[in-house]
Chemist: 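Please read through the structure below; I'll follow up with questions.
Read the numbers this way: they start at 1 and go in the same order the structure lists the ligands and their atoms.
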Amino acid sequence: MKDTLKHSGMRNKLADTLLAKGITDKTVLDAIRTVPRHLFLDSGFEDHAYQDKAFPIGAEQTISQPYTVAFQTALLELKPRDKVLEIGTGSGYQTAVLLHLKTKVYTIERQLELFKKTNIFFKKMGYRPKKVIFGDGYKGLPEEAPYDAIVVTAGAPKVPKALMAQLKIGGRLVIPIGVEEQIMTRYLRKSEKEFEKTTYGSFRFVPLLEDKN
Ligand code: SAH
């Protein structure tokens with residue numbers, strides 16, 4: 001599959017849709033205009049790539065809806081060179097958006113097939129996260145901590161303590177919390193012990209699963 005003018009036209013429209021839905025962060029909209037989302041779907045599904053919808057990527061997982069990716073990314077308030085931990089690599093689309101913002105990305109996936117497939121895809125596309133890890137995101141990645149930002153792209157029943165512990169002071173953790181439906185939640189680490197919690201609207205994610213298969 002290729003990236004063509006037609007695709008970039010569709011991306012511009014998608015960015016306009018997200019702007020109309022309240023995404024105003026220019027760097028995030030620029031990432032939406034740039035990252036070729038159709039290449040993150042299996043071929044044959046490219047007509048679905050630039051609708052603002054989640055889509056199945058196999059192994060019962062989904063590529064998050066563009067609005068959700070943009071919303072979470074904006075809440076992370078990233079600057080170039082920030083160190084970011086992503087839980088739930090999935091298709092790699094969110095990873096690519098983070099890389100477009102010139103951040104250093106560490107990403108963890110617990111589903112072996114997806115982990116392998118997306119790793120190959122990153123190499124083919126020339127995307128360079130710092131590390132792509134096969135493992136359990138509940139534990140985070142303590143050996144590379146602390147992080148400026150952590151984004152969880154699956155619904156967590158509660159906030160994993162390990163992730164809070166791996167934030168820098170001033171760092172942001174963006175995580176959808178809930179079982180049937182999730183409330184987008186952001187924790188800003190104010191000091192060693194103090195976190196400021198802010199909640200946003202409700203979203204629907206695939207579950208953050210605890211054990212490896
Ligand atoms: N960021 C992805 C979203 C994928 S959906 C994208 O842009 O495509 C969420 C992903 O989280 C799935 O791939 C799922 O396998 C993964 N996941 C679920 N529980 C996990 C855990 N405990 N640790 C790491 N990844 C997990």
Side-chain angles (χ1 to χ4, degrees), residues 11 14 18 28 31-32 34-42 45-46 48-76 78 84-101 103 105-122 125 127 129 131-142 144-145 147 149-164 166 173-179 181-182 184 203-213:
R11 282 200 288 281
L14 174 60
L18 299 187
V28 173
I32 299 291
T34 311
V35 179
R37 190 170 186 263
H38 64 288
L39 300 181
F40 293 74
L41 303 180
D42 288 332
F45 295 125
E46 61 176 308
H48 299 268
Y50 297 110
Q51 295 168 14
D52 188 21
K53 285 187 180 155
F55 199 76
I57 51 173
E60 291 172 39
Q61 302 307 328
T62 55
I63 178 170
S64 299
Q65 185 179 341
Y67 175 76
T68 306
V69 172
F71 194 87
Q72 288 195 281
T73 308
L75 286 182
L76 294 171
L78 299 168
V84 187
L85 177 65
E86 177 191 23
I87 310 300
T89 315
S91 68
Y93 179 68
Q94 168 80 73
T95 317
V97 167
L98 296 170
L99 290 170
H100 183 79
L101 302 188
T103 58
V105 186
Y106 298 79
T107 182
I108 308 180
E109 173 58 54
R110 71 171 281 287
Q111 220 289 331
L112 186 59
E113 293 309 312
L114 267 178
F115 163 78
K116 285 185 186 160
K117 182 173 161 186
T118 301
N119 235 327
I120 292 168
F121 175 74
F122 283 152
M125 295 289 291
Y127 288 122
K131 279 190 184 168
V132 184
I133 307 275
F134 172 57
D136 179 8
Y138 270 95
K139 302 188 176 81
L141 189 61
E144 300 289 348
Y147 302 95
I150 302 179
V151 59
V152 179
T153 71
K158 57 182 172 35
V159 57
K161 289 278 181 301
L163 299 184
M164 293 180 83
Q166 291 171 32
L173 164 63
V174 173
I175 177 167
I177 301 181
V179 179
E181 201 177 65
Q182 293 81 29
M184 193 61 76
F203 288 78
R204 261 174 203 279
F205 284 80
V206 294
L208 186 69
L209 299 170
E210 200 127 11
D211 298 308
K212 262 193 221 174
N213 50 354

Chemist: Identify the closest protein heavy atom to atom 9 (C) of ligand 1: which residue and atom is it, and at what distance?
Modeler: Thr153 O, 3.3 Å
Chemist: With heavy-atom distances below 4.0 Å as the criterion, list the atoms of ligand 1 near Val206.
Modeler: 5 (S), 9 (C)
Chemist: Describe, in one word, how the ring planes of Phe40 and Tyr93 are oriented to each other, choosing from parallel (under 30°), tilted (30 to 60°) and perpendicular (over 60°).
Modeler: perpendicular
Chemist: Identify the protein heavy atom lying closest to atom 13 (O) of ligand 1, giving its residue, its atom name and the separation to 0.1 Å.
Modeler: Glu109 OE1, 2.7 Å
Chemist: Applying the side chain to side chain contact (heavy atoms under 4.5 Å, CB included) criterion to Leu141, which one of Leu163, Leu85, Ile150, Thr107 satisfies it?
Modeler: Leu85
Chemist: Looking only at atom types and distance, does a side-chain atom of Gln182 sit under 3.5 Å from a main-chain N or O of Pro207, one as donor and one as acceptor?
Modeler: no
Chemist: Using a heavy-atom cut-off of under 4.0 Å, does the side chain or the backbone of Glu86 touch ligand 1, or both, or neither?
Modeler: side chain
Chemist: Which residue owns the protein heavy atom closest to atom 18 (C) of ligand 1, what's the atom, and how far is it?
Modeler: Pro207 O, 3.6 Å
Chemist: Using modelled atom types and a 3.5 Å cut-off, is there a donor and acceptor pairing between side-chain atoms of Glu109 and backbone atoms of Phe115?
Modeler: no
Chemist: Nearest to atom 6 (C) of ligand 1, what protein heavy atom do you find, and at what distance?
Modeler: Ser91 OG, 3.5 Å
Chemist: Check this for me - ligand 1, Leu209, N or O atoms closer than 3.5 angstrom, yes or no?
Modeler: yes
Chemist: Quick check on contacts: which atoms of ligand 1 are under 4.0 angstrom from a heavy atom of Ile108?
Modeler: 24 (C), 25 (N)
Chemist: Between ligand 1 and Ala59, can you find any atom pair, the residue atom being a heavy atom, that is separated by under 4.0 Å?
Modeler: no
Chemist: Going by the angle between their ring planes, with limits at 30° and 60°, are Phe203 and Phe71 parallel, tilted or perpendicular?
Modeler: tilted
Chemist: Heavy atoms only, cut-off 4.0 Å: how does Val69 contact ligand 1, side chain, backbone, both, or neither?
Modeler: neither
Chemist: Which pair of non-hydrogen atoms, one from Thr153 and one from Gly88, has the smallest distance, and what is that distance?
Modeler: OG1-O, 2.9 Å
Chemist: Ignoring hydrogens, what is the shortest heavy-atom contact between His38 and Ala49? Give both atom names and the distance.
Modeler: CA-CB, 3.3 Å
Chemist: Would you confirm whether Glu86, through its side chain, and Val151, through its main-chain N or O, come within 3.5 Å as a donor-acceptor pair?
Modeler: no
Chemist: What protein heavy atom lies closest to atom 25 (N) of ligand 1? Include the residue and the distance to one decimal.
Modeler: Arg110 N, 3.4 Å
Chemist: Should you measure from each heavy atom of Tyr138, which atoms of ligand 1 turn up under 4.0 Å away?
Modeler: 22 (N)
Chemist: With heavy atoms of Gly135 as the reference, note each atom of ligand 1 found under 4.0 Å away.
Modeler: 23 (N), 24 (C)
Chemist: Does Gln61 approach ligand 1 within less than 4.0 angstrom via side chain, backbone, both or neither, non-hydrogen atoms only?
Modeler: side chain
Chemist: For Ser64 and Val69, indicate whether the former's side chain and the latter's backbone hold a donor-acceptor pair under 3.5 Å.
Modeler: no
Chemist: Is there a donor-acceptor pair closer than 3.5 Å between any side-chain N or O of Glu113 and the backbone N or O of Ala59?
Modeler: no
Chemist: Without swapping roles, check the side chain of Gln72 against the backbone of Val152 for a donor-acceptor pair under 3.5 Å.
Modeler: yes
Chemist: May I ask you to identify the nearest protein heavy atom to atom 10 (C) of ligand 1, giving residue, atom name and distance to one decimal place in Å?
Modeler: Gly88 CA, 3.7 Å
Chemist: Does an N or O from Gln111, backbone or side chain, lie closer than 3.5 Å to an N or O of ligand 1?
Modeler: no
Chemist: Strictly distance-based, threshold 3.5 Å: is any side-chain N or O of Thr118 a donor or acceptor partner for the main-chain N or O of Gly92?
Modeler: no
Chemist: Mind checking whether Leu114 contacts ligand 1 via backbone (N, CA, C, O), side chain (CB onward), both or neither, at a 4.0 Å heavy-atom cut-off?
Modeler: side chain
Chemist: Using a strict cut-off of 4.0 Å, indicate which atoms of ligand 1 neighbour a heavy atom of Ser64.
Modeler: 3 (C)
Chemist: For atom 7 (O) of ligand 1, what's the nearest protein heavy-atom neighbour? Residue, atom name and distance, please.
Modeler: Gln94 N, 3.2 Å
Chemist: What protein heavy atom is closest to atom 4 (C) of ligand 1, reported as residue, atom name and distance in Å?
Modeler: Thr62 O, 3.1 Å
Chemist: Locate the shortest heavy-atom distance separating Arg37 from Gln65; write the atom from each residue and the value.
Modeler: NH2-CA, 4.3 Å
Chemist: Touching ligand 1 at all, Thr89? Heavy atoms, strictly under 4.0 Å?
Modeler: yes
Chemist: Under 3.5 Å, N or O to N or O, is Ile63 touching ligand 1 that way?
Modeler: no
